[in-house]
Amino acid sequence: MFKSIACLVVVSVLIFSCNSSEKTEKTITVVDGKDRYDVYQGSEMANLMRGMHAFNLQLKEEVKSGKITTEFPEEFLKIHTAIFSESKSRNQTFDHYSGKFVEAQKLVFEKDSVVSLTERYNNAINLCITCHQTECTGPIPKIKKLLIK
Ligand code: HEC
């Protein structure tokens with residue numbers, strides 16, 4: 001779609017999602033002649049987080065219907081290694097809460113638990129929120145919508 005590398009102008013709009021709940025996209029605009037393309041450019045961690053959000057949005061419906069058809073996505077373990085956006089980095093707080101989150105998310109798929117499915121699901125989502133309160137508050141309103149009231 002691009003005629004030559006020379007005609008590409010890449011403009012970075014750095015709006016960090018952690019600081020704002022609206023306009024969370026960090027996009028680059030690629031200009032090719034008269035055409036402009038806005039391309040979402042998330043870090044590996046940001047993309048994983050978006051995936052975790054999308055997955056839990058579906059899982060919420062399953063939990064509400066009481067029937068889980070999915071498994072714990074092994075992909076989520078990438079939270080321990082994924083690369084962050086430039087302004088962020090891995091630290092002890094993150095490692096602490098990511099461990100707790102993974103544990104809680106796994107429990108949702110536990111077959112014989114005495115704790116209700118809804119409660120286990122909400123516990124996992126609350127750990128998303130707890131971690132976000134420590135350093136990335138922007139997405140919290142969006143994450144809260146995942147909770148089952
Ligand atoms: C251990 C801490 C931690 C946990 C747990 C966590 N997050 Fe995040 N989340 C972050 C950090 C840090 C970022 C910023 C990553 C970056 O910019 O590289 C982020 C980014 C995001 C974003 C913005 C992604 C973007 O588009 O830039 C969303 C949405 C998000 N998280 C949702 C969730 C959801 C949903 C869960 C639970 C299913 C969750 N997070 C669990 C720390 C966490």
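For the single chain, residues carry numbers from 1 onward in sequence order. For ligands, and for the atoms within them, numbers begin at 1 and follow the listed sequence. Computed from heavy atoms alone, side chains included, the values below leave out hydrogens, waters and symmetry copies.
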- Using the six-membered ring wherever Trp is involved, compare the ring planes of Phe55 and Phe109 and label them parallel, tilted or perpendicular (cut-offs 30° and 60°). tilted
Within 6.0 angstrom of [X] [atom1], more than 12 heavy atoms from elsewhere:
X     : atom1 : result
Lys78 : NZ    : no
Lys88 : NZ    : yes
Gln58 : CD    : no

- Should Leu127 and Phe76 be counted in the same cluster of Ile, Leu, Val, Met, Phe, Trp and Tyr side chains packed under 4.5 Å apart? yes
Just distances here: any N/O of [X] and N/O of ligand 1 closer than 3.5 Å?
X      : result
Arg50  : yes
Lys142 : no
His132 : yes
Ser43  : yes

Interfacing atoms of ligand 1 (cut-off 4.0 Å, heavy-atom, [X]):
X      : value
Cys131 : 1 (C), 2 (C), 3 (C), 4 (C), 5 (C), 42 (C), 43 (C)
Phe84  : 12 (C), 18 (O)
Asn56  : 38 (C)
Ser98  : 1 (C)
Tyr97  : 1 (C)
Phe101 : 5 (C), 37 (C), 38 (C)
Met45  : 15 (C), 18 (O)

Distance-minimising heavy-atom pair for [X] and [Y]:
X      : Y     : answer
Ile68  : Val63 : CD1-CG2, 3.9 Å
Val102 : Leu77 : CG1-CD2, 3.7 Å
Ala82  : Leu48 : CB-CD2, 4.5 Å

- Give a yes-or-no answer on whether the side chains of Thr93 and Glu135 include a donor-acceptor pair shorter than 3.5 Å. no
Check each heavy atom of [X] against ligand 1 and say whether those closer than 4.0 Å belong to the side chain, the backbone, both or neither.
X      : result
Cys128 : both
Leu146 : side chain
Pro139 : side chain
Ser85  : both

- Task: Can you sort out the partners of Tyr97 under ring-ring contact (aromatic ring centres under 6.0 Å, His included), two or more places apart, ordered by chain and number?
- Result: none
- Message: When you measure from the heavy atoms of Thr93 to every atom of ligand 1, does any distance fall below 4.0 Å?
- Response: no
- Task: Would you check whether Gly42 reaches within less than 4.0 Å of ligand 1, judged by its heavy atoms?
- Result: no
- Task: Please list, chain by chain and in numerical order, all residues satisfying side chain to side chain contact (heavy atoms under 4.5 Å, CB included) with Glu61, sequence neighbours excluded.
- Result: Lys64
- Message: Quick check on atom 8 (Fe) of ligand 1: does Met49 put an N/O/S atom closer than 2.8 Å to it?
- Response: yes
